[in-house]
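Single-structure report; data block below.
Numbering starts at 1 and runs along the sequence shown.
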Amino acid sequence: MIDRALKLLFVAIFGLMALLYVIHNIINLDAAYGAVGYVLGLENNAVFTNSLLPAIDTGAVPIFAWIIFLFEIATGLICLWGAWKLWSARGSDAEGFEGAKGMAKLGLGLGVVTWFGLFGTFGGAGYQMWQHEIGAGSMGDAFKFSVWALLVLLYVGQRESAT
């Protein structure tokens, strides 16, 4: 029973974290646009001055920022929905609880895609965001978030032992 409680708690915490971050981005929208534009604009890349990916015009920055926000919102809401499904199945047999894990796994997997895929791959490797303070901070946090999502995903994915 403790294993089930921890699994649903960790999924809920990750979902809440995703929503708190995106809410802060939205209530500080100009600053969020500025940070995304700073990375995508490629203006201050001092180490690798040539990029495979094109600089994004400031007019398109809100579109890219909202793509990020939508991924974060979806991650948070799906994780919370998954935690609710786990809560609802907490008293069921092993197969019932196992069957309730799907939404939680989807939310956590989307968290990995968001922070590893969007930030790590596109922001970090594609736009070289590690080259400046704003980008490096975002990339460091994205690494932590993607690792947390993956660790919780691995834990949630474990079947209960028969003993």
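By the 6.0 Å contact criterion, CG on Asn50 is open, its count of non-hydrogen atoms from other residues, nucleotides or ligands being 12 or less. The number of heavy atoms from other shown groups lying within 6.0 Å of CH2 (Trp148) is above 12. Counted within 6.0 Å of CH2 on Trp87, heavy atoms from surrounding residues, nucleotides or ligands total 12 or fewer; the atom is thus considered open. Residue Lys101 places its NZ atom among more than 12 non-hydrogen atoms of other residues, nucleotides or ligands, all under 6.0 Å distant. Other residues, nucleotides and ligands contribute at most 12 non-hydrogen atoms within 6.0 Å of the CG atom of Leu52.
No side-chain heavy atom of Gln128 sits under 4.5 Å from any side-chain heavy atom of Leu42. Residues Leu29 and Phe69 meet the side-chain proximity criterion, which asks for heavy atoms closer than 4.5 Å. Using a 4.5 Å heavy-atom threshold, the side chains of Val147 and Lys144 count as separate.
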Fill in: Step-by-step side chain to side chain contact (heavy atoms under 4.5 Å, CB included) determination, Leu80 to Leu19
CA-CA 10 Å; Leu80 291 178; Leu19 290 177; 3.5 Å; yes
Item to complete: For side chain to side chain donor-acceptor pair (under 3.5 Å), just list the numbers for Tyr127 and Asn45, CA-CA rounded to whole Å, side-chain angles, deciding distance to a tenth of an Å, and then say yes or no.
Response: CA-CA 9 Å; Tyr127 282 91; Asn45 287 9; over 6 Å; no
Worksheet item: Under the ring pair (Phe, Tyr, Trp, His ring centres under 6.0 Å) criterion, do Phe143 and Phe119 qualify, and how do the steps go?
Response: CA-CA 8 Å; Phe143 173 77; Phe119 284 85; over 10 Å; no
Discussion item. Does Ile67 form a side chain to side chain contact (heavy atoms under 4.5 Å, CB included) with Phe71? I'd like the steps, not just the answer.
Written reply: CA-CA 6 Å; Ile67 289 169; Phe71 269 81; 4.0 Å; yes
Discussion item. If you apply the rule side chain to side chain contact (heavy atoms under 4.5 Å, CB included), what do you find for Trp66 with Ile26, and how did you get there?
Written reply: CA-CA 9 Å; Trp66 277 97; Ile26 292 169; 3.8 Å; yes
Discussion item. Between Trp130 and Phe48, is the side chain to side chain contact (heavy atoms under 4.5 Å, CB included) condition met? List the steps.
Written reply: CA-CA 10 Å; Trp130 52 268; Phe48 289 1; 3.9 Å; yes
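Heavy atoms only, all atoms of each residue included: Thr58 and Pro62 are closest at O-CD, 3.5 Å. Heavy atoms only, all atoms of each residue included: Phe145 and Phe14 are closest at O-CE1, 3.5 Å. Across all non-hydrogen atoms, the minimal contact from Gly126 to Ser51 is O-OG, 3.4 Å. For Cys79 against Gly15, the heavy-atom pair with the smallest separation is CB-CA, 3.5 Å.
Side chain of Ser138 to backbone of Ile134: a donor-acceptor contact under 3.5 angstrom is found. A donor-acceptor pair under 3.5 Å links the side-chain atoms of Gln131 to the main chain of Val47, judged by distance alone. Between the Asp93 side chain and the Gly96 main chain, a donor and an acceptor come within less than 3.5 Å of each other.
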Which pairs of donor and acceptor atoms, one on a side chain in residues 103-117, lie under 3.5 Å apart (sequence neighbours left out)?
unit_1 : atom_1 : unit_2 : atom_2 : d
Thr114 : OG1    : Thr75  : OG1    : 3.4
Thr114 : OG1    : Leu110 : O      : 2.8

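Partners of Glu133 according to the salt bridge (charged side-chain N to carboxylate O under 4.0 Å, His left out) rule, which considers only residues two or more places apart in sequence or in another chain, do not exist here.
Once rounded to the nearest 0.5 Å, the distance linking CD1 of Ile23 with CG of Asn28 reads 12.0 Å. Here CG of Leu118 is found 11.0 Å from OG of Ser146. Values are rounded to the nearest 0.5 Å.
Clustering ILVMFWY residues whenever any of their side-chain heavy atoms sit less than 4.5 angstrom apart, transitively, puts Leu40 in the very cluster that holds Ile63. Both Val61 and Leu53 are members of a single hydrophobic cluster when ILVMFWY side chains are connected at heavy-atom separations under 4.5 Å. Grouping the Ile, Leu, Val, Met, Phe, Trp and Tyr side chains by contacts below 4.5 angstrom, directly or via other members, places Tyr33 apart from Tyr38.
Clustering of Ile, Leu, Val, Met, Phe, Trp and Tyr side chains at separations under 4.5 Å leaves Met1 isolated, with no partner residue.
Under a 4.0 Å N-O distance rule, the pair Glu160/Lys7 does not qualify as a salt bridge.
Judged by the 6.0 Å distance and 45° axis criteria, Arg90 is not positioned over the aromatic ring of Phe97.
When the options Leu9, Val11, Leu6, Ile13 are evaluated for a side-chain contact (heavy atoms from CB on, under 4.5 Å) with Val152, the one that passes is Val11.
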